[in-house]
Each structure stands twice: as C-alpha cells, then as structure tokens.
Amino acid sequence: MKTYKAYCFDLDGTVYRGKEGIPSAITFIHGLQETGIEPYYVTNNSSKTREQLQDALRAIGVDAPLQHIYSSALVTAKYISLNFAGQKVAMMGSDGIRTALFNEGIELVDTDPDVFVMGIDRTLDYMALAKATIAVQNGATFIATNQDIKFPTEYGFLPGNGAFARLVGEVADVEPTYIGKPSPAMLEVIAAEHGFTKDEMVMIGDNYDTDIMCGINFGCDTIHVNTGVTPTKIVQDKELQPTYCMEALV
Ligand SMILES: [Mg+2]
C-alpha cells in the first residue's frame, strides 16, 4: 500500500464499536504513530465534543491530539461561521454541536432564526421537533450535521440524526444541507487547516455510503474495512470502487 501523510479514520465501526476497540485498527494506528505519522479522526457523530471523543479514543488505548479530531458538529459550526456570519442561529442537539457553535462565537436564539442547525439529541421530545419544523417552514436555512439514518452499537442499530432530520425535512418540505460524510466538507477542512494535498490523504472507513463516498467526492484515496456497516461483498458490487478493500487493517 502507498504511504500517505494524512490517514483519516472513521470512528464507529472502524476504530471502535460502542465502547469496544477494534484490535486491528488500534494496532495499525500504533504502527503509524511509531513511524511519526499522527492520524486524523473523522466522525459523523455530532453528540460529542473533541474532548469527549479524545476520551473515548483514550479508553481503547489510542492517544489522539485534539487538533486531529473532527466531528460533523465541529465542521458544521465552522461552515456556519464562514457562510452565515452575523445571522441568527437556533439549534437542537447535544454538547458536541452546542460547544462547537459556542467556540465559533455563534450566538444562539430561541425564536425566528435565519439558520436552523440539527444534530442528534438523545433526549429528543416532540416539542423540539415541532420547533424545528416551524423554524424551517418559516424560511430558516436547514443545516443538519449528518444524514446517517442509523449507527451501529454493541446492541444493534440505533436511530441516527439523519432519521430525525429527514422527518423534519419531510414535514417542512425542505431538503436539509448535510455537512457530515459523504459530503467532502470534513476532509476539505482537514486539508485546509493542516496543509495537505488530496494525493497525500486517505479516508478509511467501514461504511461505503458515507466514508468511501466522502473520500471519492473529495478526490482522495479510500480504504474500505470489513469491520462495520457495509460488508465487502456489497462494496464489490458498487460502480465506484474504493482504492483498497480490506478485511481488517492488519
Ligand atoms: Mg463507521
């Protein structure tokens, strides 16, 4: 395999499954670090802050610098501060998106927003969904951190932010703008902030529709691993193929 400067790892189903680390990925990451290459982590999970994701990685034996951890929440906040400066923003979601918006200096409003941001809220109630649909119907630009309908856990699949964003979009008759993978936005931010060219980067993930398509949409190499959502068999039938298809990383 070619050597890259920026190895960008998906997290769920690639580096860990729930609270359990995936040994082959951890061994591969340690191997990179021993040769002086510090990987990047790119997750559609919008519920956690950079610090919380760093803790989750540390718990499975992976030390990661904060500046190498990118979530859809973090990149959504950067996208809003770049494209909607000074506009009124309302949100639903958890710590991850709330902290990211705060860190970008974005002030939140409760009513009549110009932009409505949706990340996953695991304490979701009907009123929160009702407020979201009203804001979007009234013309707020609808931005969702990610479009994942479901995500794998140690218990099975659970509903993801995409399931709720789709619900709001259906009611309001508006298609959300999604920032997470397969949009290339997260890889674009890594390339810009750390000064990489596309041929120096590789996207590694278990989910063809998000991880592999994110790399393909961005224009860098991709590695599919058979440790999570999309089985290798399904990937092999796709028209656009990843650069490498592996059972596991080592
Ligand atoms: Mg994954």
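Numbering of ligands and ligand atoms starts at 1, following listing order. A quick note: this is a predicted structure, and the numbers were derived from the prediction, not measured.
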**Q** Check the angle between the aromatic planes of H194 and F196 and answer parallel, tilted or perpendicular using the 30° and 60° thresholds.
**A**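 Plane angle under 30°, so parallel.
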
**Q** Among N146, D148, T145, which one satisfies side chain to side chain donor-acceptor pair (under 3.5 Å) with N44?
**A** D148

**Q** What protein N, O or S atoms come within a distance below 2.8 Å of the Mg ion (ligand 1), ordered by chain and number?
**A** D10 OD2, D12 O, D206 OD1

**Q** Taking the side chain from T222 and the backbone from M203, do they hold a donor-acceptor pair closer than 3.5 Å?
**A** no

**Q** Sort out for me which residue in L57, I60, V250 forms a side-chain contact (heavy atoms from CB on, under 4.5 Å) with I26.
**A**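 That would be I60.
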
**Q** Does the ring of Y70 carry R50 above it, NZ/CZ under 6.0 angstrom from centre and within 45° of its axis?
**A**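 R50 over Y70 ring: yes.
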
**Q** Within the distance-only criterion (no hydrogens, no angle test), does the side chain of D206 pair as donor or acceptor with the backbone N or O of N226 below 3.5 angstrom?
**A** no

